[in-house]
Q: 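One structure, pasted below without further comment.
Quantities reported herein were computed from a predicted structural model and do not represent experimental measurements. Letters go in sequence order (proteins before strands), and every chain restarts at 1.
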Number of protein chains: 2
Amino acid sequence: MKLSPIEENYIKSIYYLQAKKGNVNTNSLAAHLETSAASVTDMMKKLKRKKLLEYKKYYGFRLNAAGNLYALEIIRRHRLWEFFLVSKLGMQWEKIHDIAEQLEHVSNDELIKKLDDFLGNPKTDPHGDPIPNEKGVMPVLRQIALKDLTIKKNAMVSSVSNQTPQMMEMLNHYKIKLGSHIKVTKQFVFDGSLQVKIDKQPECIISSMGAKNIFVYDN
Amino acid sequence: MKLSPIEENYIKSIYYLQAKKGNVNTNSLAAHLETSAASVTDMMKKLKRKKLLEYKKYYGFRLNAAGNLYALEIIRRHRLWEFFLVSKLGMQWEKIHDIAEQLEHVSNDELIKKLDDFLGNPKTDPHGDPIPNEKGVMPVLRQIALKDLTIKKNAMVSSVSNQTPQMMEMLNHYKIKLGSHIKVTKQFVFDGSLQVKIDKQPECIISSMGAKNIFVYDN
DNA sequence: AAAAAAGTTTAGACAAATCTAAAAATTTAT
DNA sequence: ATAAATTTTTAGATTTGTCTAAACTTTTTT
Ligand SMILES: [Mn+2]
Ligand SMILES: [Mn+2]
Ligand SMILES: [Mn+2]
Ligand SMILES: [Mn+2]
């Protein structure tokens, strides 16, 4: 089944809202989508007819299995494109979400599969949020700060909490990218700085402050 | 000005049709877009109101300068995405057009600029059609078969006329991609085969039949 | 247990894009 | 120069997604 971009946005919003509290109500969805409660009610009838959610008048709604799977497919597309925009085009964190909001509605299974492979099957988007696989399964990730990474354990750069130009400059210098393979080879107790190996580059030193703001997943 | 995907498709179709004959008439545009003549008339009134075309009742229409520029912007996006789909994701020629038809409507100037750079500022799409630059200027290209390329002249692979899996296999083996830099270093008169240098790889031999089906632009 | 407040649905209208069928204008044929 | 054929436009309906305002249901307060 192929939904319109608008229907897809409804599905995605319900998914996010119901993650917080099981059932979603009309007004909160209307607020989230910046639309009227009446429009939400109209759309809920339609999505119920399409068997994507359960809906009881006056008592809110929740995605069923099919609706959930659809939501995860949209989120997968969104996050893969965000990864692409940052890691391949070098766009800035703040700008990518709105573009991904458009790209996520381009539908073609082979495209998404090939994009995923091209990007090296990333497990998180640039904000550190997990990317569901083709089957709609969210990878279980243990994300930790680089400073807390066990010594000599292989890990992958997943996100960066401080996204200033100053941080960008540093990441650039170290050639650290999202998805970079990283390993701590030595810790200096004196100032908390770390010796790390990034991809196939020679080892280098990262300060404690840098290591506090760089996040990796180690599983 | 930002048009809807539907309006953009109208603009693009008019552009293509008027390349053949100066003025476009209602029925031919309706046929091209697989819609009714009545819908075309409605849209022409609207696009005239938006000052993108000249339109005289019963006498057809033609894009004005603003409309032409807009059309070229859409074509630029379409062809850049097609190049991406083939050269980066390795998709097949026949499948990319429909996907580009969706991607071309994603609008963000910085995105297209960065995509262009990421792809190495290609001059043609995978079908060999020229890609307009940001200013809407189509590059003037002399496209010739590799077999006709002047010896030792630098050129760039632009398209391939035979798009069978067998050809793909061969291109793959030679690591020939769209946009590859190519130069003929020796011609063998005996069988018409060529010694060529592709990107930074060591020289290799391509048969006359291969060289007949690989196209390059040499300016 | 009523009344008031909050939340939700319905009713009716509107804009964008589409369609079919009828009317009007232009072009071609006689 | 008329008549016939073709092309184009208009009129009126339809679909999708939206809105406001009124009606209805549930929840909270008194
Ligand atoms: Mn996002
Ligand atoms: Mn969206
Ligand atoms: Mn195309
Ligand atoms: Mn299109």
Q: What is the minimum heavy-atom distance between B:Lys51 and B:Asn64, and which atoms define it?
A: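 Minimum heavy-atom contact is O-ND2, 3.0 Å.
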Q: Can a side chain N or O of B:Ser36 be found less than 4.0 Å away from OP1 or OP2 on C:dT20?
A: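 Checking B:Ser36 against C:dT20: no side-chain N or O falls below 4.0 Å of OP1 or OP2.
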Q: Mind calculating the distance between CG (A:Leu29) and P (C:dT8) to the nearest angstrom?
A: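 In whole Å, C:dT8 P lies 10 Å from A:Leu29 CG.
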Q: Can I get a per-line list of side-chain donor-acceptor pairs under 3.5 Å for residues 14-24 of chain B, giving both atom names and the distance, sequence neighbours left out?
A:
residue	atom	partner	partner atom	Å
B:Tyr16	OH	B:Arg79	NH2	3.4
B:Gln18	OE1	B:Leu63	N	3.0
B:Asn23	ND2	B:Tyr59	O	2.8

Q: Rounded to whole angstrom units, what separation is found between the CE atom of A:Met43 and the P atom of D:dC19?
A: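 Going from CE in A:Met43 over to P in D:dC19 covers 11 Å.
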Q: Between B:Tyr55 and D:dT9, is there a side-chain N or O to OP1/OP2 distance below 4.0 Å?
A: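 B:Tyr55 to D:dT9 OP1/OP2: side-chain N or O found under 4.0 Å.
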Q: Counting only side-chain heavy atoms from C-beta out, which of C:dT10, C:dT20, D:dT26 sits nearest to A:Ala38?
A: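 Given the options C:dT10, C:dT20, D:dT26, the side chain of A:Ala38 is closest to C:dT10.
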Q: Rounded to whole angstrom units, what separation is found between the NZ atom of B:Lys57 and the P atom of C:dA23?
A: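 For the pair B:Lys57 NZ and C:dA23 P, the rounded distance is 17 Å.
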Q: Which of these nucleotides, C:dC19, C:dA24, D:dC19, is closest to any side-chain atom of B:Asp42?
A: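 Ranking C:dC19, C:dA24, D:dC19 by closest atom to the B:Asp42 side chain puts C:dC19 first.
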Q: Could you give the CG-to-P distance, from A:Leu3 to D:dT15, as a whole number of Å?
A: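 After rounding, the reported distance stands at 19 Å.
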Q: Does some side-chain heavy atom of A:Ser107 sit less than 4.5 Å from a side-chain heavy atom of A:Arg77?
A: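 In contact.
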Q: Would you mind reading off the distance between B:Arg49 atom CZ and C:dA15 atom P, rounded to a whole angstrom?
A: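 After rounding, the reported distance stands at 12 Å.
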Q: Between P on D:dT9 and OH on B:Tyr58, what's the gap in Å once rounded to a whole number?
A: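 Going from OH in B:Tyr58 over to P in D:dT9 covers 6 Å.
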Q: Does A:Lys45 place a side-chain N or O at less than 4.0 Å from the phosphate oxygens OP1/OP2 of C:dT10?
A: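 Checking C:dT10 against A:Lys45, a side-chain N or O does come within under 4.0 Å of OP1 or OP2.
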Q: What residues form a side chain to side chain donor-acceptor pair (under 3.5 Å) with A:Asn108, not counting sequence neighbours?
A: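 With sequence neighbours excluded, A:Asn108 shows a side chain to side chain donor-acceptor pair (under 3.5 Å) to no residue whatsoever.
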Q: Just to be sure I understand the geometry, which residues of residues 5-27 of chain B put a non-hydrogen atom under 4.0 Å away from DNA chain D?
A: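 Correct list: B:Asn25, B:Thr26, B:Asn27.
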Q: Side-chain N or O of B:Tyr59 versus OP1/OP2 of C:dT26: is the shortest distance under 4.0 Å?
A: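 True: B:Tyr59 side-chain N/O within range (under 4.0 Å) of C:dT26 OP1/OP2.
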Q: Whether the A:Glu8 and A:Tyr70 side chains hold a donor-acceptor pair (N or O, under 3.5 Å, no angle test) is what I'd like checked.
A: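 Checked: A:Glu8/A:Tyr70 side chains pair up, N/O donor to acceptor below 3.5 Å.
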Q: Does the gap between the ring centers of B:His78 and B:His97 come in under 6.0 Å?
A: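 Yes: the rings meet the under 6.0 Å criterion.
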Q: Is any side-chain heavy atom of A:Ser158 closer than 4.5 Å to a side-chain heavy atom of A:Gln143?
A: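 Heavy-atom side-chain distance check passes, below 4.5 Å.
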Q: Does B:Thr41 put a side-chain nitrogen or oxygen below 4.0 Å from OP1 or OP2 of D:dT9?
A: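 Looking at the OP1 and OP2 atoms of D:dT9, one of them is under 4.0 Å from a side-chain N or O of B:Thr41.
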